[in-house]
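Worksheet for the structure shown next.
Chain identifiers are assigned alphabetically (A, B, ...) following the order of the sequence lines, protein sequences preceding nucleic acid strands; residue numbering begins at 1 within each chain. Quantities reported herein were computed from a predicted structural model and do not represent experimental measurements.
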Amino acid sequence: MRIGYPCVNESLDCTSTSTFRLASYSDERVELAVGNNLACLQRILVWNVAQHLLFFRIGSGIVPFGSHPINTFPWQTRFAAEFRSVGDYIKANSMRVSFHPDQFVVLNSPDAGIVERSVQELVYQGSMLDLMGLDSTHKLQIHVGGLYGDRELAISRFIATYHTLPEAVRARLVIENDDRLFSLQDCLRVHAAVGIPILFDNFHHECLNHGEPMAEALRLAAATWHPTRDGVMMMDYSSQALGERRGKHTASLEEDLFQGFIAELGDLDVDIMLEIKDKEASAGRACGILRNLGRIVAAQTV
DNA sequence: GATGGTCAAGGTTAT
DNA sequence: ATAACCTTGACCATC
């Protein structure tokens with residue numbers, strides 16, 4: 001079991017997703033930004049290892065405009081050594097990483113242009129995993145997409161597009177149950193059609209479900225991960241921010257709720273991404289709880 | 001140096 | 001039809 005947090009480390013004075021505006025695009029700025037972003041990513045990973053946090057979601061903005069046609073800078077070759085070095089560090093420390101392309105990636109859109117741009121974004125993010133030399137246990141995480149007033153059509157469009165994806169993307173793509181549109185059951189139907197693993201989000205499941213108890217839902221999702229090809233199930237963990245809009249993530253880990261959730265896990269092995277506002281602070285607390293329970297062993301140091 | 005409007009990309013829901 | 005929301009920082013023009 002690994003514990004992680006997404007994209008940003010608030011303890012370090014660097015960012016791995018620095019960018020600039022499209023209007024001020026230049027190759028020089030791309031080169032500068034990617035160099036800085038990869039250096040910061042490496043610092044974050046070292047920091048994480050020291051804290052026994054071996055799971056990390058890499059931000060989508062490592063390469064500014066990484067899938068935009070304006071960006072013709074050959075960052076893949078210019079930074080091949082740096083990407084390889086990051087990947088080597090990840091492997092040497094038994095870490096696992098993921099990407100979560102954001103809301104603009106919609107594979108089931110009825111608009112062919114949106115689908116094309118979405119595929120290009122997935123190709124870009126998958127190519128970073130290739131450059132790092134990381135296998136298909138490191139994932140690209142997206143949602144099923146929009147509803148467009150017809151759930152059946154929306155699901156069938158996702159399936160049709162999935163079949164057209166490049167292998168480098170398809171081998172790594174996983175779908176996450178969301179909190180309003182596509183439930184775990186919907187994701188299971190997509191899985192039954194194409195075999196894609198389901199990245200389970202406990203909080204989204206609490207917001208949208210068909211009565212499956214948490215322990216059962218966890219096992220249904222876990223069964224969609226192929227042990228060698230995909231690795232153990234990845235999941236997102238969060239809980240409701242008290243007094244806030246339904247679906248809003250808590251500002252910091254509610255330890256009693258987390259302990260209760262761990263009990264639901266039983267002996268299931270998963271890697272948990274804490275989608276909690278205070279990032280590595282809560283991830284560290286969660287990691288401490290699991291170490292006290294004997295569910296995590298200390299990371300080996302290199 | 002500080003400030004506040006703005007930033008590639010989509011979709012849903014409320015008004 | 002239009003705006004707010006998701007989520008969020010940080011870029012950048014302006015003062």
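A distance of about 25 Å separates the P atoms of C/dT7 and B/dG4, rounded to the whole Å. Taking the C1' atoms as reference points, C/dA1 lies 23 Å from B/dA9, given to the whole Å. Look at the P atom in both B/dA8 and C/dA13: the space between them is 12 Å, to the nearest Å. For the P atoms, the distance linking B/dT3 with C/dT8 amounts to 24 Å, nearest Å.
As rounded to whole Å, 10 Å separates atom C1' of C/dT8 from atom NZ of A/Lys248. In this structure, A/Phe20 atom CZ and C/dC12 atom P are separated by 8 Å, rounded to whole Å. Atom P of nucleotide B/dG11 and atom CZ of A/Arg151 are separated by 16 Å, given to the nearest angstrom. Across the protein-nucleic acid pair, A/Arg157 atom CZ and B/dG11 atom C1' stand 12 Å apart, rounded to whole Å. Atom CZ in A/Arg117 sits about 9 Å away from atom P in B/dA9, given to the nearest Å. Here B/dG11 presents its C1' atom at 16 Å from CG of A/Asp150, a figure rounded to the nearest Å. Between the P atom of B/dA8 and the CG atom of A/Asp111 lies a distance of 19 Å, rounded to the nearest Å. Computed from coordinates, the A/Glu176 CD to C/dC6 C1' distance equals 13 Å when rounded to whole Å.
Checked for salt-bridge contact, A/Asp135 and A/Arg96 miss the test: no charged N lies under 4.0 Å from a carboxylate O. A salt bridge links A/Arg189 with A/Glu152: the distance from a Lys NZ or Arg NE/NH1/NH2 to an Asp or Glu carboxylate oxygen falls below 4.0 Å. Ion pairing between a basic and an acidic side chain is recognised when a charged N comes within 4.0 Å of a carboxylate O; A/Arg170 and A/Glu167 show such pairing. Salt bridge annotation for A/Asp179-A/Arg246: absent, with no cationic side-chain nitrogen under 4.0 angstrom from a carboxylate oxygen. A/Arg57 and A/Glu275 are joined by a salt bridge, as a carboxylate oxygen and a charged side-chain nitrogen come within less than 4.0 angstrom of each other. Residues A/Asp271 and A/Lys139 are not paired through a salt bridge, judged by the lack of any N-O separation under 4.0 Å between the basic side chain and the carboxylate.
The side chain of A/Ser67 approaches B/dA8 more closely than any other nucleotide in the set C/dT8, B/dA8, C/dC11. Side-chain proximity of A/Arg29 to the nucleotides B/dG11, C/dC11, B/dT12 is greatest for C/dC11. Nearest to the side-chain atoms of A/Ile114 among the listed nucleotides C/dT8, B/dG10, C/dC11 stands B/dG10. You'll find that the side chain of A/Ser18 is closest to C/dC11, out of C/dC11, B/dA9, C/dT8. Side chain of A/Arg21, nearest nucleotide from B/dA8, B/dG11, B/dG5: B/dG5. Each of B/dG10, C/dC12, B/dG11 was ranked by its minimum atom distance to the side chain of A/Tyr148; first place goes to B/dG11. For A/Leu22, the listed nucleotide lying nearest its side chain is B/dA8; candidates were B/dT13, B/dA8, C/dT8. Looking at the side chain of A/Leu147, the nearest of the listed nucleotides B/dC7, B/dT12, B/dG10 is B/dT12. Across B/dT12, C/dC12, B/dA8, the shortest atom-to-atom separation from the side chain of A/His68 is found for B/dA8.
Using Watson-Crick or G-U wobble geometry with both donor-acceptor distances under 3.5 Å, B/dA9 finds no partner in any strand shown. With both pairing distances under 3.5 Å, B/dG4 is matched to C/dC12 as a Watson-Crick or G-U wobble pair.
Checking the phosphate oxygens (OP1, OP2) of B/dA14, no side-chain nitrogen or oxygen of A/Arg245 falls inside 4.0 Å. Contact check, A/Ser109 against B/dG11: a side-chain N or O comes under 4.0 Å of OP1 or OP2.
Stacking of the aromatic ring of A/Phe104 onto the base of B/dA9 is found: the ring centres lie under 5.5 Å apart and the planes are inclined by under 30°.
Using a 4.5 Å cut-off on side-chain heavy atoms (C-beta onward), A/Ile175 and A/Phe158 make contact.
When heavy atoms are screened at a 4.0 angstrom cut-off, A/Ile70 is found touching no nucleic acid atom at all. Backbone-only engagement by A/Thr15 is indicated by non-hydrogen atom pairs under 4.0 Å involving sugar-phosphate atoms exclusively.
The residue among A/Gln103 and A/Glu10 whose nearest nucleotide of DNA chain C lies closer to the 5′ end is A/Gln103.
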